A.B. asks: 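Here it is: the structure, laid out below.
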Amino acid sequence: MTRRLTVAAAQLGPIQKAEGRDVSVGRMVRLMEAAHRRGVEVVVFPELALTTFFPRWYEADRAAADHWFESALPSNETAPLFEAARKYGIAFHLGYAERTPEGRRFNTAVFVHPSGEIVLKYRKVHLPGHAEYDPVRKVQHLEKRLFEVGDLGFPVMRAPVGGAGPVNLGMLICNDRRWPEAWRVLGLQSVEVVMLGYNTPSLNQDNRGFEAHHLRVLHSHLSIQAGCYQNATFAVATAKAGVEDGHELFGHSIIVNPQGEIMAQATSWGDELITADLDLDMCRLGRETIFNFAVHRRVEAYGRITAQTGAEVPAEWQPTGD
Ligand code: CDV
């Protein structure tokens, strides 16, 4: 019997700094209603979906940013998402800023079963940006100041989803998608669907060199398509898009199959639902042939991947005169 799953990337348009969670949650519930009408079984929302992308705003006192964080899920403000999930029988993926009871802060995503139970949690590992105010940058990117590096690894969970039966689910968050190591750790756990939310500026904000604007989307898609192909998995990659308080995010949410092909792509910079029917058995071809890891991987040659962080200067060839 074919294992089929209907998924949606629920792209969100901009959320302004002054807008509360009532606004974002209301928009997300409307997207879930639309998803229900289209027969969707899993909805994937973006990274930090409940608020504006607040790491662009510097606060000398870190605690002054605490109002962007969730200390409970669900809360009064996020409960409508859980209610919609139950009402429509839809599972959902949500990116949010997590503050633990111990006061630790993470950039987190959860996968929630229609019953409201949290099936899987992931905390972002590859935090981009910087920890202190950077006067060179055009816009601050303070993820390293506001979040700790995720401490859950890259977990994959096999759980029943929709009519497909058990599905191997994994997550990445935004910058993680650019790191092949992250995809491979998921691939090594036979992941079948990677859920991934992102907030990516249309311009390179580092102000340390030129990057052509059109390459920003290319690099995002290239990373996701390669990750899917090389690990024989689907991905649902959902953006926050549009202009937040003058800062543009590029959108271009996509759903990708294990061949690395784009199955669906957002075309607006607003709230937009894109959907695809996944034939999960498509994951088998890659993992039983060219990416049969058990047969073809050569771990004895990969030592540097975990032993070393920065790149070393290679040995220099010296002519012997022979
Ligand atoms: N939220 C992110 O992780 N954004 C990064 C930007 C800063 C490049 C990204 O990789 O898209």
Side-chain angles (χ1 to χ4, degrees), residues 9 11-15 17 24 44-58 65 68-69 93-98 105-109 122-134 136-150 152 154 171-183 186 194-228 235-254 256 265-266 269:
Q11 177 173 288
L12 288 175
I15 302 171
K17 199 178 178 188
S24 55
V44 177
F45 290 113
E47 174 191 37
L48 302 176
L50 299 167
T51 65
T52 195
F53 188 71
F54 61 88
R56 67 169 73 92
W57 305 109
Y58 176 78
W68 299 117
F69 287 73
H93 161 284
L94 177 71
Y96 68 105
E98 177 190 12
R105 299 172 182 89
F106 297 98
N107 185 341
T108 298
Y122 168 66
R123 292 172 172 157
K124 186 173 182 178
V125 168
H126 296 99
L127 298 174
H130 45 105
E132 301 303 330
Y133 185 84
D134 182 348
V136 175
R137 291 183 61 96
K138 293 179 192 158
V139 181
Q140 301 299 297
H141 192 108
L142 293 151
E143 288 198 58
K144 281 187 161 65
R145 180 178 187 82
L146 294 167
F147 304 118
E148 286 181 49
V149 172
L152 301 175
F154 296 99
M171 299 177 192
L172 298 174
I173 302 180
C174 197
N175 190 260
D176 287 324
R177 73 193 186 285
R178 305 182 194 275
W179 298 90
E181 299 89 335
W183 288 95
L186 294 177
V194 175
M195 295 167 282
L196 189 172
Y198 62 95
N199 282 268
T200 304
S202 302
L203 301 177
N204 184 324
Q205 309 285 15
D206 283 273
N207 207 18
R208 287 176 168 86
F210 175 72
E211 184 175 35
H213 304 172
H214 68 281
L215 297 178
R216 306 276 290 173
V217 174
L218 173 70
H219 294 159
S220 177
H221 286 184
L222 197 60
S223 302
I224 297 164
Q225 292 177 255
C228 285
V236 184
T238 310
K240 180 111 73 61
V243 183
E244 288 190 342
D245 296 294
H247 306 292
E248 188 180 296
L249 301 165
F250 66 53
H252 285 79
S253 303
I254 49 173
V256 176
Q265 179 172 321
W269 279 14

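Every number for a ligand or one of its atoms is a count from 1 in the order of the listing. Numbering starts at 1 and runs along the sequence shown. The structure displayed is predicted, hence computed values, not measured ones.
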A.B. asks: Regarding atom 6 (C) of ligand 1: of the candidates Pro55, Gly129, Pro201, which has the closest heavy atom?
C.D. replies: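 Result: the heavy atom closest to atom 6 (C) of ligand 1 is in Pro201.
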
A.B. asks: Going by atom types only, do His126 and Asp176 share a side-chain donor-acceptor pair under 3.5 Å?
C.D. replies: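 Yes, a side-chain donor-acceptor pair sits under 3.5 Å.
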
A.B. asks: N/O to N/O below 3.5 Å, does that happen between Thr200 and ligand 1?
C.D. replies: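 It does: an N or O of Thr200 is found under 3.5 Å from an N or O of ligand 1.
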
A.B. asks: State if Arg177 counts as touching ligand 1 under the rule of any non-hydrogen atom under 4.0 Å.
C.D. replies: yes

A.B. asks: Is the closest side-chain donor-acceptor distance between Gln11 and Thr238 under 3.5 Å?
C.D. replies: no

A.B. asks: Against heavy atoms of Asn199, which atoms of ligand 1 measure under 4.0 Å?
C.D. replies: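 Taking each heavy atom of Asn199 in turn, ligand 1 has 1 (N), 2 (C), 4 (N) under 4.0 Å.
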
A.B. asks: Less than 4.0 angstrom from a charged side-chain N to a carboxylate O is my criterion; do Arg208 and Asp134 meet it?
C.D. replies: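 Salt bridge present between Arg208 and Asp134.
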
A.B. asks: Please could you name the atoms of ligand 1 that Lys124 approaches to less than 4.0 Å, counting only its heavy atoms?
C.D. replies: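 Those atoms are 1 (N), 2 (C), 3 (O).
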
A.B. asks: Would you call the rings of Phe147 and Phe69 parallel, tilted or perpendicular if under 30° counts as parallel and over 60° as perpendicular?
C.D. replies: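 Answer is tilted, since the angle falls between 30° and 60°.
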
A.B. asks: Is the shortest side-chain N to carboxylate O distance from Lys144 to Glu132 below 4.0 Å?
C.D. replies: no

A.B. asks: Among all the protein's non-hydrogen atoms, which is closest to atom 7 (C) of ligand 1, and how far away is it?
C.D. replies: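 Protein heavy atom with the smallest distance to atom 7 (C) of ligand 1: His141 CE1, 3.3 Å.
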
A.B. asks: Taking 4.0 angstrom as the limit and counting only heavy atoms of Cys174, give me the atoms of ligand 1 inside it, by number and element.
C.D. replies: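 With Cys174 as reference, the close atoms of ligand 1 come out as 1 (N), 2 (C), 3 (O), 4 (N), 5 (C), 9 (C), 11 (O).
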
A.B. asks: Any idea which part of His126 is under 4.0 Å from ligand 1, heavy-atom wise: side chain, backbone, both or neither?
C.D. replies: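 Near ligand 1, His126 shows nothing, with every heavy atom at 4.0 Å or more.
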
A.B. asks: Start with the C-alpha gap between Glu244 and Arg56, add the side-chain angles, then the distance that decides, and say whether salt bridge (charged side-chain N to carboxylate O under 4.0 Å, His left out) holds.
C.D. replies: CA-CA 10 Å; Glu244 288 190 342; Arg56 67 169 73 92; 3.0 Å; yes

A.B. asks: Does the gap between the ring centers of Trp269 and His252 come in under 6.0 Å?
C.D. replies: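 No, they do not, as the ring centres are separated by 6.0 Å or more.
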
A.B. asks: Which of the numbered atoms in ligand 1 are below 4.0 angstrom from a heavy atom of Phe53?
C.D. replies: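 Numbered from 1, ligand 1 contributes 1 (N).
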
A.B. asks: I want to confirm something. Looking only at heavy atoms, which of Glu47, His219, Arg178, Arg56 is nearest to atom 1 (N) of ligand 1?
C.D. replies: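 Among Glu47, His219, Arg178, Arg56, the closest heavy atom to atom 1 (N) of ligand 1 belongs to Glu47.
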
A.B. asks: Compute the minimum heavy-atom distance from Glu143 to ligand 1 and say whether it is under 4.0 Å.
C.D. replies: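 The answer is yes: ligand 1 sits under 4.0 Å from a heavy atom of Glu143.
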
A.B. asks: Taking only heavy atoms of Asn175 into account, list the atoms of ligand 1 that are under 4.0 Å away from them.
C.D. replies: 3 (O), 9 (C), 10 (O)

A.B. asks: For Trp57, I'd like to know if atom CH2 has over 12 heavy atoms of other residues, nucleotides or ligands within 6.0 Å.
C.D. replies: yes

